[in-house]
Structure formats: structure tokens, C-alpha cells
Asks: 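Here it is, the structure, as C-alpha cells.
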Protein chains: 4
Amino acid sequence: MLLNLDPRSNTPIWEQVVHQIKELILKEILQPEDKLPSVRELSGTLLINPNTVSKAYQELERQGIIETLRGKGTFVSASITPKADEQKIAEMKQQFKQLVIDASYLGIDQQTLSLWLKEITEELGGNNDND
Amino acid sequence: MLLNLDPRSNTPIWEQVVHQIKELILKEILQPEDKLPSVRELSGTLLINPNTVSKAYQELERQGIIETLRGKGTFVSASITPKADEQKIAEMKQQFKQLVIDASYLGIDQQTLSLWLKEITEELGGNNDND
Amino acid sequence: MLLNLDPRSNTPIWEQVVHQIKELILKEILQPEDKLPSVRELSGTLLINPNTVSKAYQELERQGIIETLRGKGTFVSASITPKADEQKIAEMKQQFKQLVIDASYLGIDQQTLSLWLKEITEELGGNNDND
Amino acid sequence: MLLNLDPRSNTPIWEQVVHQIKELILKEILQPEDKLPSVRELSGTLLINPNTVSKAYQELERQGIIETLRGKGTFVSASITPKADEQKIAEMKQQFKQLVIDASYLGIDQQTLSLWLKEITEELGGNNDND
DNA sequence: GTGGTCTAGACCACT
DNA sequence: GTGGTCTAGACCACA
């Protein structure tokens, strides 16, 4: 499993790992019940510390996206139920607004954002039918 | 000038200040050439550390959104030219993607995001006719 | 013998086995002198590692609850004498306290706990008349 | 702030810290808005690693019991709202049952447990009126 | 000053 | 083999 990490980014490495694994699952590259690489293995591949991977895995587990089976390893959850947490949705909308504002100052208008949204949705939902 | 700051939020306070001033400008509540409150004044109003306000102003200046005239104060720039910095646009798209992914795990679909986008654009651009 | 094991739980599987066998004995579903399934048999039924069952049996034997007769198998002890180990009782009280604290933060009050205690005692002690 | 830590216990140190802080809050020794010792300070007092304290604080924050204000420190939340999470309550009842079972094998009967429950509740709810 | 992140490396319990 | 915990010590951003 290869992830794209940027150690210079402001977003912590463990969070980048979380994001990208979530993306892989959405794209169905990682499927329910699939085994994730072990903490040591992934830390070796990504050239980061095991603790950092561990933190990412723990966060993913906290979100109900993966599960760890004692002594066996870590697996993608069989059923990922979205929690409609009101508060988090409000936060997300707020983030979204800030993003739109920042975009505006980069000269990006609504149409472009709308296009991006479409592109991204297709990229994520486009599964692997035509592989 | 009243801003809505949340000290519990993960986004640093100076960044919240930056965001909200940018929003006020987009909404044309703050207009070009308008004078901003002094660092000391604003820090007093918002009950935050002057250094924090200062950092926010520096960032806004760096983005070309406000200008400091020595001895006179700080003013909204007369003309804010969007910098079409390719790299920053790519970063923004990346951010956007991560947001869509996170939204997806909260059960928020494309339609909802599309709606939000429309709402936000209207809220911001209400008087952006002559751009 | 069917036990309810949850591989996702935080309590180790061998401990879940220990708990549930203790429960079966309390409920007199397993009676003194009854033969327990062999390690291999039980591990096959429960689809878990033989080492795990073995560890559970060892723990139960350590507590004096079951006995192994070489070449014959494993049996529920004829007389289970509660050890009034002061230290263990103190530990238990400590555990109990932590549980009450955690319950409190979940909005569970003393009355509810008291009710639970009654329920559980009835469930377990239904035929404990002649102790 | 002095906590009683047992490095030999099975429960991890960070969890012991979490438990005991929760207890201090219930006893109103720590009151809403109170500042907790800094990570470094507490780690110095308890002779444990700062990371361990940090982990405890992060868990407490995740539970909504404390809040961190960037650069200022960590504080007891003003209002702690118990979340009536069905699933967690079920888990708690399960734990409670296992505890009753274990107690039974130590010769502790329902009456004793009932007494303990009363004692503990009084200890926790007894505030600091008579200090 | 504060907490958050990361590395290095160790030890442990579980399967 | 697996993940979880802990220590030691470093660096950074925030206020």
C-alpha cells in the first residue's frame, strides 16, 4: 500500500494517513474485511515511525472505519455506518465556507468549484468497474 | 468590528481572524480603502492577545488583502487581484477533495454539498455584480 | 458448549471464555464433576486458537474452579470454595468504584445500577438455594 | 494534583490518570473551568512521561470532560453532558455482570455489593460541604 | 508558557 | 506474528 505523504505539510502525517486510507476505501481499492498492512509493515513502507501509523489506525478505529482483532491485525470494517452527527456536520459546513472564501481570493469561482465537486465525486464513486 | 471566535476550535485564533476579515471584505461590509481597527484596539475588543491579531494582520498583508501605511494604520487594499498561483490552486483542490471525502463519511452526499456551495456563494456574493 | 465471543471486544478472548464458563457454573448449567470439552474440541467449536482455550483453562484451574485429571480430561471442581483474599477483594472494590464512576459519566445513576445488580443476581442465582 | 498510580496494574497508566481525574471532578475537587496542571508539570509530579499524560488528556477531551485552549492550557469543561450512548450502556451492563460474577467467586454476595454501591455513591456525591 | 507531533527503541499481552 | 503501551527526548505552532 503506497500513500503520498508530505512531511512538510501542515496536516500531521498520521492525519494524512487517515485521509488517504479513507479515500482508498471509498474508491473500493480497500474493501470491507480486507486486511490492512501491519503497523510495522506500513511504517517500513512509508518510512515513518510505527507510532505514527498506530495513531492513524487508532483514529480510524475510533471513527468505526477499521477494526482491530487482537493479535491478528487490522481490517476494514464490514459495514461502515455514517453517523449523522449534527455538530460535525455544522463544523463541516463551516470548513466548506472557509474553503469557498479562500478559493474566491485565488480567483476560483463557483462554477469551477462546482466542476471540481463533480470531478471528485466521479473519481471516488467510479469504483473499479473498468479495470 | 465583531468577529465570532471559538477558542476551542482546532483552527488557530489568528487564522479565524484572517478568515472572517476575508469574509467581511467579500461581503463588502469592509470596502477597499476602509481602515481596519488597530492591533491594540481589535485585541481589546476580541479579548485576545495583541500578538494574535498582529499575526493575523501580517498574514492578510502577505496575501495582499490589506496594507499597512506607516503611522496611519491598516487599510483594506484598493484592488485585490486574485493570484492564480498554480500550486496554491492544486493545494486547494486537494483540500477540497479531503473535505468531500470526510463529508462522505458523515453521510453527506454530492447533492447536499452542491446545495451548500450554492447557498454559500449567494451569501457571499450578494453584491458582487460588477466584478 | 456454545459461548458468545466477540473478537472485537477489548477483553481478550481467553478472558471472555473464563468469564462465560464461570457464568455457566454459577447458573448450574455446568455442575460440579461435569466434564468440560477438550481444548481441541472447544477450540474447534469456537473457531479460535487452541492456545487461547488452553490459556482460559489454565486460568480457571489457577482459580480452583476446574481440575485437570491426567489422561481423563478437565472437570468442574467438586467444591468451589470462595477464597476471601483480602487483597483481591480490595481490587474488586476498586474496580467497582471505577465502574460506578464511568457509569456516572454515561448518565447512569445509583438507582439504575442498583436495579441492574438485582436483575443480574436473579439471573445468576436462580438455583443457588443450598449454598 | 496527586494521583495514585500503580505501574504494575494491568490498566495502562494513561487510563488510571483518566479514571482518577474523572473521580476528582465527580467529587468536585476539580471544578468546572478549573485549570488542570500542564502536561509537563503533571508528568513531573507523577514521574511519568509527558506523552502518557498527554494521551490521558486527549482521551478526557474526546469524552468532552476537559477542553484544551490553544497555548493556554487544559481546563475542566464548563458543562459536562452525559451522552446516553445505548451501545456503551449495554457494554457497561455487561462489564457490571462480569464483575458480579467475579465477585461471587470471591465470596462476595449481593448484599455486600449493594452496600459498596451505597458507600461509593456517597463518597462521590458527598461533595465538599464539610471541609 | 502551552499542547501537538514525531522519532527511536523497548517491553508486553494476545493469537 | 499482531497491536498497545511507555519512555526519552526533540521540534513546532500557538498565545
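Just so we're on the same page: letters track the sequence lines, and every chain starts at 1. Every value quoted in this text rests on a predicted model; they were computed, and no experiment measured them.
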Asks: In whole angstrom, what separates C:Arg8's CZ from E:dT15's P?
Replies: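 Between P of E:dT15 and CZ of C:Arg8: 14 Å.
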
Asks: Does the side chain of C:Ile21 come within less than 4.5 Å of C:Val76's, by heavy atoms?
Replies: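 A side-chain contact is absent here, since even the closest heavy-atom pair is not under 4.5 Å.
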
Asks: Report the distance from atom CD of C:Glu59 to atom P of E:dC14, rounded to the nearest whole Å.
Replies: 10 Å

Asks: Taking CG from A:Asn49 and P from F:dC6, how many angstroms apart are they, rounded to a whole number?
Replies: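 After rounding, the reported distance stands at 17 Å.
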
Asks: Counting Watson-Crick and G-U wobble pairs with both distances under 3.5 Å, what is the dot-bracket string for DNA chain F, 5' to 3', using [ ] for crossing pairs and | for pairs to another strand?
Replies: ||||||||||||||.

Asks: Report yes if some heavy atom in the side chain of D:Pro37 is under 4.5 Å from a heavy atom in the side chain of D:Tyr57; otherwise report no.
Replies: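 In short, these two side chains touch, coming nearer than 4.5 Å.
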
Asks: For C:Asn4 versus C:Gln20, what's the shortest heavy-atom pair and its separation?
Replies: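 Minimum heavy-atom separation between C:Asn4 and C:Gln20: O-NE2, 2.5 Å.
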
Asks: Tell me, which pairs form a side-chain hydrogen bond (donor to acceptor under 3.5 Å, both in side chains) where one or both residues lie in residues 60-74 of chain A, sequence neighbours left out?
Replies: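 Listed by first then second residue: A:Lys22-A:Gln63, A:Glu59-A:Arg62, A:Glu59-A:Gln63, A:Glu67-C:Arg8.
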
Asks: Hey, what are the protein-to-nucleotides 1-5 of chain F N/O distances that come in under 3.5 Å?
Replies:
from	atom 1	to	atom 2	distance (Å)
F:dG1	N2	A:Gly71	O	3.3
F:dT2	OP1	A:Ser38	OG	3.2
F:dG3	OP1	A:Val39	N	3.4
F:dG3	OP1	A:Thr74	OG1	3.2
F:dG3	OP2	A:Val39	N	2.8
F:dG3	N7	A:Arg40	NH1	2.9
F:dG3	O6	A:Arg40	NH2	3.0
F:dT5	OP1	D:Trp14	NE1	3.4
F:dT5	OP2	D:Lys55	NZ	2.8

Asks: Is any side-chain heavy atom of A:Gln95 closer than 4.5 Å to one of B:Thr11?
Replies: no

Asks: For atom CG of A:Leu2, decide whether the heavy atoms of other residues, nucleotides or ligands shown that lie under 6.0 angstrom number more than 12.
Replies: no

Asks: Go nucleotide by nucleotide along DNA chain E from the 5' end; which of A:Ile48 and C:Thr52 gets its closest nucleotide reached first?
Replies: A:Ile48

Asks: Over how many whole Å does the gap from D:Leu42 atom CG to F:dC6 atom P extend?
Replies: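 Spelled out: CG on D:Leu42 to P on F:dC6 is 14 Å.
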
Asks: Heavy-atom distance under 4.5 Å between the side chains of B:Ile101 and A:His19, does that happen here?
Replies: no

Asks: When you compare the side chain of C:Val17 with that of C:Leu3, does any pair of heavy atoms fall below 4.5 Å?
Replies: yes

Asks: Taking CG from A:Asn10 and P from F:dA13, how many angstroms apart are they, rounded to a whole number?
Replies: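 So the CG-P distance, A:Asn10 to F:dA13, works out to 8 Å.
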
